[in-house]
Structures are given as C-alpha cells and as structure tokens.
Asker: 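Structure in structure tokens, see below.
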Protein chains: 4
Amino acid sequence: MEKFLCVQDFYEAAKSKLTKDSNGSWEYFEGIPDEGWALDQNRKAFKRYVIRPRILRDVSAINLTTTILGIPASIPIGVAPTSKQALFHPDGECGVARAAGRSGAIYVLSTLATASIEEVAAAAPKTRLWFQLYYQKDIEVNKDLLIRAEKSGYEAVVLTVDCQIPANRLGFKRKPWKLPEMQEQQVPEDMDPSMDWNVVKWIREQTKMKLILKGILTGEDAKLAVEHGVDAIIVSNHGGRQLDSVMPAIDVLPEVVASTKSSNVEVYLDGGITLGSDVFKALALGAKMVFIGRTALAGLTVGGEQGAAKVLEILTNELDKTMALAGVTDLGSNISSKFIQNYKPFLSSDY
Amino acid sequence: MEKFLCVQDFYEAAKSKLTKDSNGSWEYFEGIPDEGWALDQNRKAFKRYVIRPRILRDVSAINLTTTILGIPASIPIGVAPTSKQALFHPDGECGVARAAGRSGAIYVLSTLATASIEEVAAAAPKTRLWFQLYYQKDIEVNKDLLIRAEKSGYEAVVLTVDCQIPANRLGFKRKPWKLPEMQEQQVPEDMDPSMDWNVVKWIREQTKMKLILKGILTGEDAKLAVEHGVDAIIVSNHGGRQLDSVMPAIDVLPEVVASTKSSNVEVYLDGGITLGSDVFKALALGAKMVFIGRTALAGLTVGGEQGAAKVLEILTNELDKTMALAGVTDLGSNISSKFIQNYKPFLSSDY
Amino acid sequence: MEKFLCVQDFYEAAKSKLTKDSNGSWEYFEGIPDEGWALDQNRKAFKRYVIRPRILRDVSAINLTTTILGIPASIPIGVAPTSKQALFHPDGECGVARAAGRSGAIYVLSTLATASIEEVAAAAPKTRLWFQLYYQKDIEVNKDLLIRAEKSGYEAVVLTVDCQIPANRLGFKRKPWKLPEMQEQQVPEDMDPSMDWNVVKWIREQTKMKLILKGILTGEDAKLAVEHGVDAIIVSNHGGRQLDSVMPAIDVLPEVVASTKSSNVEVYLDGGITLGSDVFKALALGAKMVFIGRTALAGLTVGGEQGAAKVLEILTNELDKTMALAGVTDLGSNISSKFIQNYKPFLSSDY
Amino acid sequence: MEKFLCVQDFYEAAKSKLTKDSNGSWEYFEGIPDEGWALDQNRKAFKRYVIRPRILRDVSAINLTTTILGIPASIPIGVAPTSKQALFHPDGECGVARAAGRSGAIYVLSTLATASIEEVAAAAPKTRLWFQLYYQKDIEVNKDLLIRAEKSGYEAVVLTVDCQIPANRLGFKRKPWKLPEMQEQQVPEDMDPSMDWNVVKWIREQTKMKLILKGILTGEDAKLAVEHGVDAIIVSNHGGRQLDSVMPAIDVLPEVVASTKSSNVEVYLDGGITLGSDVFKALALGAKMVFIGRTALAGLTVGGEQGAAKVLEILTNELDKTMALAGVTDLGSNISSKFIQNYKPFLSSDY
C-alpha cells in the first residue's frame, strides 16, 4: 500500500476492484439515485471555498486534538455509518472500527451492519463507538438495539433522519447486491416512514446515550433539533444517496451553524471529504468534526483494516499540512470563517 | 420493458430506434431550430433549483391528487399536445390517450394529430381530454374543430400562441418526415400569422370549453391573459421547437406565477421534465400541473401505449418518492417555494 | 448550394476548403492573435442574452427596412470591411459588393482590398458603398483614397481606430498568406501609429462623405466620438483580430448606446453575428445595424458572389422569423431592450 | 528557436522534453500538491479580467521602463526564484540570470540553487540580482547567506513566507528528482517552521539589502508587512506549489494593493503570467512588476540561456503591443484599473 498517496488513489483502486465483482458491490458502493448529481456536487462544492492562509506564524507544532461531546478526540475526523461493509472486504465493520481506533477517529456502526453491535465493541475496544439507528417499524427492534448499544459501551445514538423511505437507486435494481456467504446483515431494512419528532423524545426516554441527528439540510430543522434537545447534528445529504437534487453538504453548513449558534449543540459535516483541505474548510466554516463514508470504504476495499487506517492517516497528515500552511496551530478559536473565502468564478477549461 | 427504469432509458432507446428510420421520425422527434439551445437549456435549468428537504415528518401516506380546472385529478402531470404521433408508433394518439387515462393524466390532443378528435375520444373514454388548437387561416376550420371537440367531450381548448409561423427547423429540411401509409394528418398546417387577442374573444364566443393559452413566456402576457379571462396558462417555449433563444420554461415560471397571483388562473409548466424531482420543483414554484411532451413520446416510441403508460408510472413514482424524502405529503399549501433554493454555482463537469 | 441552410454550414465548408490551401488563406481567414479568446467570446456572448417573445400580435407582415445615415435601407445588416478578399475566391471584393447590393446590404470596402475603389464601384453600381480607411503614415495616400472614394460615390468613410499597430497574429507567422497571381493588394499596410483625434478633424476637412469610427469599445470613447461630431460608431473588437483580451462586442453595446443616447450618432455592432436572432438582439439592445465579416467571407469562400448572397439571404430570413416569433413587426420603436433579458445562469449574485 | 512564437510553444516543448527524462525533472517542474488546482486557476483567472482599450491616442512610442525600489528598470518583468535550475538545462541559474540581464529583468536567485551566490553574481555582472531566502533552522546558515549575498552585490533579500513546511507534492514521491552529476544544490532543504515576524526584524538587523516578502495572500498580512517596514511584497501562491486550495494570485492583487495604498511599499505579482496581456492586467490592477517562474524555466529547458532570453523577449514584445492597442504609452499614472473590467460570465460550451 506504499504507492497509495492520496484518497483518490484508493478510490481508483476500489472502483477497479469492485467493478470486477459479480455481487453488485460497486453499485452498492456508489449507490446513487437518479443522476448522481448530489454525490458529484458534494465533492465539487469544496472547490468554491478557498483558504486565506496567514503567514509568519510559528507552525512548528500543530495540534489536531479537539473535544467531541465533552470527551477529548485526537482528530476531528470520524467514520460515518455505512451499511454492509462486508460487501467490500472480509474485515468489514470490525476492521474499520479498529482502523478508526488506531487513528483516534470515532466509528459509527450502522444499523444495517454485517457485524453485530457486540462483535464490533469486542473487536475495537479502544475505539470510540457510536451507534447509528434506522428507526424501524417494529418498536421492539429499536428498543433492543438501543439497549444493546448502550450496554456495549456505545457513547451515542445517531438517528438517521433522511431515509424514511428508500431512495430511487437504479444501480441496485440493475445489479442487486449479494452479501458473501457467512456474513449476514444483522437487522432487516424496514424503516418506519411515519417517524417524526416524537421519535426523538422516545429515544431520549430509552437511553442515556447522547443523541445525534444525521441528515439535516436546513436551518429550520436545525433549530427544531436544538429545541428538541439533541446533543449534535450531522449536516449530510446521505452522501448523495437519498434525494438527488439537494444542496451539497458543505454549502448547507453555514446555515446550520448560524441556526445553532446560541446553543451547545455540536455540528458535524458529512459528505464529499476527500482531502485534508476539505476537512479544514468544514472546520473553518463551523463544523466540530467531519465524517467520511465512501472515503473510508475505499480504504477498506483496497486493504481491509490497514487500508481504512491508511486513508485516515493520509487525511490526518493532509489536514496537518493544511493547518501549518494556513498558519493555524490548533482547532479552537484559532480557526474560523476568516480563513475561508467564497470563490465562484468561471472555472471551465474551455474559455 | 422491465429494464426501463427511468425516463433517460426511454430517451436512449427511442433515439436508437428512430435514428434508424428512413422517414425523418428522429428529426421530427427532436425538432430543434437553430442550435437546439432552448431544448438543452429547458432540461439543464432544473439543476439550478435544489430542494430543501424537511425531516421527521410522517410520510407514510403521500397524496398526489390535485384539482385541475375545478375537477379532481389523480396526478399533477399531463401529456402535452404533440403532432403526428403515428410517426413514432402505430398506437399513435389513441394509445397515448389511453395510457394517460390509466395514470389519471390529462391528455391534450394536437390539431395536427394523426387520429381524429372523435377517434381519440372513443378510444380513451376514461381519459380527461383537452383539445389543442392551432388557429387556422380558414375560420371555418377553427369553428368545425371547436364544435367537434366540445361535442366529443373535450373539456378545454388549448390555444397555442407561440407558433404563428413555422420555426426554422433545419432537421426537417435535411430529412423531411413522411407519415406511414394509412395514417394521415387530420388538419393541414396552415396557421394564421395575423392571430391576435381578438381570437381569444372569438373562441370564448364559439365554445363553452375552458380556454387555456399555451406558450406564454413573459409576465406581461400572463397579465394580458388574465385580463382576457382565460382559465389557465401553460408556460412553455414549445419544447425548444420555436424561438431558440428564449428563457428555459422553469426560469420563467416564477415571473408568470407572480403576475397571475391575484387571479384564479391556473399556471402549468411545460418543458424539460424528465424526473419526478423536476415535477416537484415546478409545483413548488407555483405550477398547478406539469406537461410532458417528448418524454411521453419516448415511451410511445419504445412501447406504444404500454411505453407511454410506463413513463407516466415512473414519473409518478419518482414524484411520490421526492415528496416523501422532502417531507411533503400532499400538493396543497403543503408545498411551496420554501422547498426550493436557487443554486447557481459553476456546474461544468470539468472542475 | 441548396444544402447550405445556416451560417454554420458555410463556416464548416469554408474551413474545410481553406485548410487545404497552401497559401495561408485559412490562417488569414481566422486571423486570431494570442489564444483567439475574443473571437470565441464574440460568438458565445450572444447566448447570454435571451429574447422575451410577446404573443398574440399580428405578425403577418414583417418589415425589415430601416434608415441608415438618413437613407432608407432594406435590411439592417451590412458587410464589414475585410481585406484581401481575393484570397478566398476569385470573385473577391466585387463579388461580395454585388451580393450585398442584391440583399440591400451596405458594403464597406477595405483599404487593403484586392480590387480598387473604382473597380468595386463599377462592379456594384446598385450597392450602397462605404470606404474603410486605415489611416496611413503617408498623408498623401490618405488624401488620394478619400478623394477617389468620394468621387466614386462612396457615401461614407469608416475610419478604423483599433488597428494603429498590427496585432500578434501567430497564424500569419506560422503560415504566411500569399495572394493569387494577378490579384494584388491596392494599398500597402503602413498604418500610422501616431493617429489621434486630430485625424478625425482632418478627415472632416478633406471630404463631404459621412464619417464613421470603427473599433470603439468604451463609453468614454463613444462620448469623445460624439463630441468630435462623427456620424456613426461601429462597436467592434475587430472580430477578435486585434487585442485578444477585450470584451465581446455585444457586451459593450449597451454601454456605448447609453453614452450616445442624447446625440444623433448612430451605433452599429460588428462581431460574432452568425444567426438572425443575433441580429435581433443587437437591434433590441440599441444598434441601428449590424455588420458581418467572416460570416460573409464564409459565403464568398464557398460560392463566390452567390455564396455571399446566400449568407445574407439566410440571415435575413432568420431575422424575419425571429421578429415574427418575438411579436415584433418593424424595427422602429417597436423593438427595444424590453425584448431582451440577461441570462447568466451560472452566475450567482454573490460572485 | 525561430518557430517558438509564444510562451505556450515553450511550455509544450518543455513538457515533451522533460517527460522523457528519467530524473523526475517534469514532476519537479510541475510540482503540484493535491490536485494542481491553484496552478490551473492562476492561469485561468487572468481571463476574468478584460482590457478596456482606448482609441485615437498616439502610440508611436511605447515606454516600458519603470523604477523598482528606486532604481530604473527597463521592463516590469522579473524572474522569480525557482530552485534546482540545473535539473532543466546545464545553463542553470547562471544562464537564466544572464538572460534576465539581457532583457533588463531582475533575477531572483533561490536559496536552493544549483549554483552559488558568488557564481551567479560573477556570471551575470550586468543583471540586477536579488537573493531569495528560505529561512533555515540553523541561524548561522541564514547569516552566512545574507552576508554573502550582500557582499556579492545582491540588492535585496526576498524572504519566502509561504513555505515553512514542505507541501504535499505527490509527483515528487511518485518519481523523485535526481540532480545531474557535478551539479549540486548549495543549501539543504531545512526550513524553520517556527519562523514568525521576528525573523523580519532579525533580517533587517543583519543586512542593508532591501527586504521583500514573497507569498502574501491576504490584505491583513500585507498591512502587517507594511507595519514591519518591508520594502516590497510579492503577491504569490508559490505558483500553486504550496497550499492547493487558495485564491489565484491575480485575484488577490487588488486586495493587497488596497491594503498598502497609503505606504511606499511596492507590490509585485507572481503566478500565472503567460502572455503580455497578463502583465498589462497585473500592472493595471496595481502591481509595480510581475514575476515569471515556470514560464522562464520553460525557456531554459528548451534553449538554455537563449531560451530564457527568448521567453522574456516574447513577453516584452507582447506587453508592448498590448499597451499600444490599449492606448497606453507608459507605465506611470497612465495605466490604471480604469483599463480593466471584471468579466465573469458563464462561458462553458455546454450551456
């Protein structure tokens, strides 16, 4: 894996490997509805924010630590919940969770994992674990999942709020995914389309884990989330896998940050991160942490646990370099939107 | 037709089939003047409006019904008038009209149809039918058409106002269309270039059918239409088949909606619809219904009546999903421009 | 020439023919300095102005006549001065001048023509002729040209003001042009780089011909031109053949029109016209007439006098259709900037 | 070298030659971090500024002279410091310095040169020389360099402030550079990441050479530079070789010029210059001089000293022509931002 120098290297190798599979793993990896516009835009949108670097500051020591939900974290990068990780590599969820732990990244386990809550907890004892909940029609399933997660030491429940119905993912229909033998999905896909804000209250009553909403794309909903007492919000368009015609995640971030400013709710960003400078931009625009989904899976696909760890290492190093070159030494008040400039010129190659 | 999963699938198959024909059917299907700019822009313009989805709303029941001209309609999608449908499939107008009826869509029969007013009415007794009028030089022809349409149960006359002279469609000259034997055009192409607002008054005197103007592209003309007591307006640039250098239809919609706000005139949108999310955007921006032209013809071309029905089914399902994922359950006041954000970044593919 | 249906058809055929020549005729035709940016932009810029068509107006009679410098003209299109026309077809200047006359277009003869002032006047007795002056270092040459032009019935002198030094046209250096035997250039290229506003006064003293400045690209210079009593201004960037990094001609037009509003100075547009709708847009933005340069030469190259006439016929027909479809019947106060909307779709307001 | 007519010709030939080398010279030449966005944008950004040419001004004599740091200079173009010039041609730094002198351009010698301070001074006695300092961890190295430069007649020290840590240049890792035998780098790469504004004060105490900061990208830092009494600022993003996601240099220029307006600090621009019109634009926007880096190296690569001289000659001639065609005769108050217009339309071919 020595020749993998950037996230793009992993993406290319992952695509090359998965498109050769007969089990629909590439279609699942990509997972785009309609035209894949949101996925594409998630990445492009970062180009419209440029960094204003400051000079002649002592950058001999760069500090990437932060606190997330009151607990110190060594990097401001987490691994987003993604389902069926065994589709991409036998290491699956356990491998990625261990890789996250080695980097100091939080790992969010999906409801639709191919390893159980307890297996992952046992496999990655040093990793900060959160549990992502797809609220199911059968309330007993939800209860059971919350109890098991809390008991297994998961710190928080991440309720996904942008997935009450399945999206129109054509790739799945053209080439359905098929899990490898011996590795089954733990929970059936049976989300409750009637889920509303009462579910937030209900979860609060069921568990002492922190409560995070994932999939907010408007300031209005961010305000409602604050009023409902959640601990954090993940700005996300589900990696462009749900509604295709929505704003890129990074473009929504400022609106959500503004809407939650007077609260203690932390805001994280998910979607489109492929460079350390992307992480920097999200943090400068007010995110406390970013999440990577496909980016981590590209590492998993290429090299299992080692690959996922390498991807996190690359992003961390790139973030470190970006901070040094921007004249920023730590992630506190030191970094702010003063380091960002909107940049929306004409960029086509065919002037 | 199982493998046709989206409108784009139908377009590709239709193009592949028609370009093999020797009868100019593809040139007629495309029908672009000058450089085909307006057709291209009609579609691209939708990308500049993104949806602001709301979360944690009960979306277990989505209601697509609406009322059109005071009568309930099961979906807010109609089939626009397009001429010579027998060029594309023997099912022709009768087939598309039946397909519309199966989906609950209104069907608008063109003056330049290859089936008669009476034949279509007989073939599609359960379909809501409107009749499109190209106002002819010979006033007796106009009278006869109006009488026959009203007598056959057509609800409304749709007067096309952007086609007083034929456009500069080069494809027709390079490869003239030729109708299949046994299927002739009912009415010659002999539009009256002197048509003005007096024609609107004259039609009112001839018939009790509702009166709709199709082809308005300015707020000024929308106001005049209201003053002349029309029942509805179709914002349209004739699918990019007339004047090539005009605004995309969706971009004009807000201006027309604003100009008619204080009236009861309904506003519909025609042009560029290829996804359920396009329908959603038009409705959110104030359209009561949208029309599909080439999109329906792509279905007709590929699979006759079944193909047209399948296209309507796909759009309906996509609209249903879009509403659910946007947190919208019905088409009343529930849906508004608050769900839309202008998005005008750099969109070229080559960052 | 039956299969030539639009200007683009002529361009393609002309390029195909000239690039096969060994005499540098294509390089001369194209004639771009630096990167050819201005030429490319001259054409693209028209796409950013769209037409707002008005409906239900009697368009059975379209009137393309206008008055230019007080004399009736049958179309608002002229042929711009371009040099060495014999490079492209033996018909040369005489052929194009005759073609212009057949269409009712004004023809501007270049100083650097391959036919003499008198030859062209004799060959095209029914054509309105203007004479373009490259002000030469040798003042006697200038005097002689003015006297001969006036004597030969040329109505106006068009002083080119954007060409005091030759531009950096790399194509000429890579493949120098070579005129056909027997057809020589009348006047050597020996422009006076010290030319200033005194030259305008001097010309006024030498001749009773009308005086027009060609090559103005700022409102400031348009005002100076008015103050110096010129009769008309041609907004032009020399077809993108001089300074490469300048505004497209159509984008400068509104500024120049505004600067000359309170005067009687007529404003014409030169640069980028390839469609009848381009002509319409320029007229709606305030030009009294447009000029075509390479567009006419493409016709000349393909078919000599007949080709040039065909190009003018196509543009005239396209303009006629555009007016009808826009609801405009004549070129007086009937046409105005109300018919134009800026269309800069990918330009958000917060650039 | 007769057939090299523009900078682009040199770039193409240089790329063709270097990509055949096995010593990583192309990778070093290009030197892009991440995605090479900043390099690409540096060049494209110039297209968004167009020139407003003025007419009928006597341009028979164009004067390109200026004063730089109080001393007359024959052209407003300098050669930026770039390291390891022997990688591209045996003439190396000495050759480029001599070429600069022939054109009247200032030459800035890099700390990381493959020729010594004294060798270059001896080889190019007629060239105005400046010395670029990468502030090293070992303070004695810095002292030694400053003493030697001053003693050798270098006029100024150019402190690079955007390079405290090495950037993430993937090309170097994929294909490491290897200097030709017998030509070694003079100073090891051991920059001090703790460098801050105290270094500016320290340099002032060490030398009487003028002090220039290279790599400022914000108005805030420009103000600090003024407060610290520097003599000049070079606006630069290190040719897109350091932080990849920053503003193009030309886009930052106006902000820096505004921030230093009330001082005597001169502002220069570095980055993206490939045409004489680029030089003109930078000067009109307030730069006193521009620097070329890769552009000079392209000349060096193709033709050694002669090639570098030819590149400077081409740019000088292009600037001369641009000034004449813009109606500007000298570089004093004669040239200003009135000659520039922002031009930010949507121009992609896929409207």
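All values below come from the heavy atoms of this structure, side chains included, with hydrogens, waters and symmetry mates left out. Every chain is numbered from 1 and lettered A, B, ... according to where its sequence line falls, protein lines coming before strand lines.
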Asker: Between Ile165(C) and Ala324(D), which heavy-atom pair has the shortest distance, and what is it?
Answerer: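 Heavy atoms of Ile165(C) and Ala324(D) come nearest at CD1-CB, 3.5 Å.
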Asker: Examine whether an atom of Ser277(D) lies under 4.5 Å from a heavy atom of chain C, and if so say whether it belongs to the side chain, the backbone or both; otherwise answer neither.
Answerer: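 Side chain only.
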Asker: Stepwise, does the side chain to side chain contact (heavy atoms under 4.5 Å, CB included) test hold for Asp58(D) with Met195(C)?
Answerer: CA-CA 6 Å; Asp58(D) 177 348; Met195(C) 172 173 72; over 6 Å; no
Asker: Checking Leu275(D) against chain C: side chain, backbone, both or neither under 4.5 Å from a heavy atom?
Answerer: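 Only the side chain of Leu275(D) comes within 4.5 Å of chain C.
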Asker: Side-chain contact test, heavy atoms from C-beta onward, threshold under 4.5 Å: evaluate it for Lys321(D) versus Pro166(C) and give yes or no.
Answerer: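 Of all side-chain heavy-atom pairs linking Pro166(C) with Lys321(D), at least one is under 4.5 Å.
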Asker: Run the side chain to side chain contact (heavy atoms under 4.5 Å, CB included) check on Ile216(C) and Ile55(D) step by step: do they pass?
Answerer: CA-CA 7 Å; Ile216(C) 282 182; Ile55(D) 56 155; 3.5 Å; yes
Asker: Does any heavy atom of chain C fall under 4.5 Å from the side chain of Arg57(D), the backbone, both, or neither of them?
Answerer: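 Contact with chain C involves the backbone of Arg57(D) alone.
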Asker: Mind listing the closest non-hydrogen atom pair of Pro53(D) and Thr218(C) along with its distance?
Answerer: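 In terms of heavy atoms, the two residues are closest at O-CG2, 3.7 Å.
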Asker: For chain C, which candidate among Gln8(D), Arg52(D), Lys3(D) shows the most heavy-atom pairs at distances under 4.5 Å?
Answerer: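 Option with the greatest count: Arg52(D).
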Asker: Count the heavy atoms belonging to other residues, nucleotides or ligands that lie under 6.0 Å from NZ of Lys173(C), then report whether that count exceeds 12.
Answerer: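 Counting neighbours around NZ of Lys173(C), more than 12 heavy atoms of other residues, nucleotides or ligands fall under 6.0 Å, so yes.
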Asker: For chain D, which of Asp244(C), Asn237(C), Asp221(C) has the most heavy-atom pairs under 4.5 Å?
Answerer: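 The candidate making the most pairs under 4.5 Å is Asp221(C).
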Asker: So with a 6.0 Å cut-off around NZ of Lys15(C), is the heavy-atom count from everything else above 12?
Answerer: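 For Lys15(C), atom NZ is not crowded (no more than 12 foreign heavy atoms under 6.0 Å).
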Asker: May I ask you to decide whether Lys338(D) forms a salt bridge with Glu220(C), counting only side-chain N to carboxylate O separations under 4.0 Å?
Answerer: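 So Lys338(D) does not pair with Glu220(C) through a salt bridge.
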Asker: So, the side chain of Glu318(D) versus the backbone of Asn168(C): is there a donor-acceptor pair under 3.5 Å, distance only?
Answerer: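 No, the answer is negative, given that no donor and acceptor are paired below the 3.5 Å cut-off.
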Asker: Could you tell me the separation between the CG atom of Leu325(D) and the CG atom of Asp162(C), rounded to the nearest 0.5 Å?
Answerer: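 Reported to 0.5 Å precision, the distance equals 8.0 Å.
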Asker: If you define the side chain from C-beta out and look only at heavy atoms, does anything of Cys6(D) sit under 4.5 Å from Leu170(C)?
Answerer: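 Yes; the side chains approach each other to less than 4.5 Å.
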Asker: Taking atom CG of Leu5(D) and atom CG of Asp34(C), what is their separation to the nearest 0.5 Å?
Answerer: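 Taking CG in Leu5(D) and CG in Asp34(C), the distance rounds to 11.5 Å.
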Asker: Does any non-hydrogen side-chain atom of Val200(C) lie less than 4.5 Å from one of Leu56(D)?
Answerer: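 Yes, close enough: below the 4.5 Å cut-off.
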Asker: Should Asp9(D) and Arg174(C) count as an ion pair when the cut-off is N to O under 4.0 Å?
Answerer: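 Salt bridge flag = yes for Arg174(C) with Asp9(D).
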Asker: How many angstroms lie between atom OH of Tyr49(D) and atom OG of Ser245(C), to the nearest 0.5 angstrom?
Answerer: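 Answer for the OH-OG pair, Tyr49(D) versus Ser245(C), is 12.0 Å.
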